[in-house]
Amino acid sequence: MAIKYIPEPFRIKMVETIKMLTPEEREQKIAEAKYNLFNLRGEDCYIDLLTDSGTNAMSQEQWAGVMRGDEAYAGANSYFKLVEAGQDIFGYKHIQPVHQGRAAEKVLFGLLMGEGKFSISNMHFDTTRAHVELAGARAIDCVVAEAGDPSIRAPFKGNMDLEKLEQIINERGAENIGLVIMTITNNSAGGQPVSVENVRETSKICKKYGIKFCIDAARYAENAYFVKQREAGYENKSIKEIIKEIFGYADMFTMSAKKDTIVNMGGLLGIKEDDDLFQAIKGRTICFEGFITYGGLSGRDLEALAIGLYEGLDENYLRYRIGQMEYLASRLDDAGIAYQAPVGGHGVFIDARAMFPHIPYYEFPGQALAIELYKEAGIRTCDIGSYMLGNDPDTGKQLEAEFDFTRLAIPRRVYTQAHIDVMADALIAIKERASSIKGYRITWEPPVLRHFQAHLAPLDK
Ligand SMILES: *Cc1c(COP(=O)(O)O)cnc(C)c1O
């Protein structure tokens, strides 16, 4: 029996009409999009779960903030408000706005990584990996083994494998490790949380070898909520206290503010205390993003972001947010559909290999399921698997991802219980005809981040 849905802690004040195409129209649209869901028009999707990034619904307070945004080129009020909010929540001395998460990666990684260097992470997000490689370095993932088995229900499947981390540092040489990056929650592993203990132990290893420790902080609030639910000793701590402790163990963070900060555009770079590093960051920010007090954003964006930083910490909101995932997951449990369990913070990652055991990784089961969901109910999702991972940068050969997931990323404060039921019903319908579904091949691909642009064609065997 499905668990109870946690009612929304808000009411609706403005609506956006969405259209629903016929199954025949959807067949045609997805073929025209070369079977790449990024090529579809948003208006042709009934429920858009491509990403939870920048697709959030802002609150009345944030919209009021938009009107108050200070558009001064230098020294805008909205900038100071944002910096103060960042300093208050994370306890860091330096907070730099940038236009989104990958901009923070671009600004920072060029300073710490180059040829012959390595970045080690519990798992690199795709743009994070790309920016490590663009800086000339190589990215090594080091997640705990249970993350690789979607059926194992462990509380912190996003954690760093600490033994393996030390082993990699010793193999590659501590002087060659540009950064250790902890991604919270671990997006590529299914939005799985990382425990405070694991962050603390990772920090100790970094200190022991003199390596800088960075948090990839996109989902810091969802991670803190999981800690409060699952980690002994944190039941009575506030979300803010948990966040402070986690960030206290690191030297810096990069953040896509398009996730837990509940805005549509924005990013942050935080430096705990290194003034020299921050000076270098300011120089690169001016080159890539614009002057330091706006960092690629409008004053109104800075204002909405400063407000969203606090709204994202609200426990009633987080209970509803994570509850939405748990409700969808419980409907899948009832239907025997496998996903990365227990469900993560920002979406449900369906185990496409389990759904389509007859489709090998190089025929992209995660992408095949994403295409079926669109055909079935106009739901747009994406592959988080071999199709997204791409080719080895040294050999050009298709890599086999640790998992082939189809991600239903849930935008914040956007969809209702009825929409969630449409998602569950569509997956159940696809499961019933799973054995008749075929894989795909790539007919064209660009050299980096190919999944955003590649063309595919269905296989007929
Ligand atoms: C979204 C995301 C990024 C990149 O941020 P953008 O705002 O999309 O540029 C980096 N890391 C993680 C973990 C993310 O989820």
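With sequence neighbours left out, Lys208 forms a side chain to side chain donor-acceptor pair (under 3.5 Å) with Glu166. In this structure Trp444 satisfies the ring-ring contact (aromatic ring centres under 6.0 Å, His included) test together with His455, sequence neighbours excluded. With sequence neighbours left out, Phe156 forms a ring-ring contact (aromatic ring centres under 6.0 Å, His included) with no residue at all. For Tyr234, the side chain to side chain donor-acceptor pair (under 3.5 Å) criterion is met by Arg200, Glu245, not counting sequence neighbours. Shown here are the ring-ring contact (aromatic ring centres under 6.0 Å, His included) partners of Tyr220, two or more places apart in sequence or in another chain: Phe90. The side chain to side chain donor-acceptor pair (under 3.5 Å) check on Ser256 picks up Lys259, with sequence neighbours excluded. Evaluation of the ring-ring contact (aromatic ring centres under 6.0 Å, His included) rule for Tyr35 yields Tyr440 as partners, not counting sequence neighbours. In this view, Lys81 and Glu303 satisfy the side chain to side chain donor-acceptor pair (under 3.5 Å) rule, not counting sequence neighbours.
For residues 266-279, the salt bridge (Lys or Arg N to Asp or Glu O under 4.0 Å) pairs, not counting sequence neighbours, are Lys93-Asp275. Residues in residues 387-407 take part in these salt bridge (Lys or Arg N to Asp or Glu O under 4.0 Å) pairs, two or more places apart or across chains: Arg138-Asp394, Arg353-Asp404. The ring-ring contact (aromatic ring centres under 6.0 Å, His included) analysis of residues 379-409, with sequence neighbours excluded, yields the pairs Phe349-Phe405, Phe364-Tyr387, Phe403-Phe405. The side-chain hydrogen bond (donor to acceptor under 3.5 Å, both in side chains) pairs that include a residue from residues 171-182 are Gln167-Glu171, where partners are two or more places apart or lie in different chains.
The side-chain heavy atoms of Phe109 and Ile181, taken from C-beta on, include a pair separated by under 4.5 Å. Met123 places none of its side-chain heavy atoms less than 4.5 Å from the side chain of Thr183. Residues Phe38 and Gln453 fail the side-chain proximity criterion, which asks for heavy atoms closer than 4.5 Å. The shortest side-chain heavy-atom distance between Asn159 and Ser195 falls under the 4.5 Å cut-off. You'll find the side chain of Thr185 stays beyond 4.5 Å of the side chain of Gln192, heavy atoms only.
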Derivation of the side chain to side chain contact (heavy atoms under 4.5 Å, CB included) call for Leu108 and Leu269: CA-CA 8 Å; Leu108 182 67; Leu269 232 173; 4.2 Å; yes
Candidate pair Arg412 and His346, rule side chain to side chain contact (heavy atoms under 4.5 Å, CB included), full reasoning: CA-CA 8 Å; Arg412 293 169 186 77; His346 66 286; 4.1 Å; yes
Trace of the side chain to side chain contact (heavy atoms under 4.5 Å, CB included) decision for Phe226 with Val194: CA-CA 9 Å; Phe226 281 119; Val194 174; over 6 Å; no
Chi angles and distances behind the side chain to side chain contact (heavy atoms under 4.5 Å, CB included) call for Ile286, Ile292: CA-CA 6 Å; Ile286 293 170; Ile292 46 181; 4.1 Å; yes
Pair Asp149-Lys157, salt bridge (Lys or Arg N to Asp or Glu O under 4.0 Å): steps then yes or no: CA-CA 10 Å; Asp149 185 343; Lys157 289 172 83 170; over 6 Å; no
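The shortest heavy-atom contact between Gly295 and Thr285 is CA-CG2, 4.4 Å.
In the model, Tyr92 has no side-chain atom that pairs as donor or acceptor with a side-chain atom of Gln87 under 3.5 Å.
Salt bridge annotation for Glu105-Arg102: absent, with no cationic side-chain nitrogen under 4.0 angstrom from a carboxylate oxygen.
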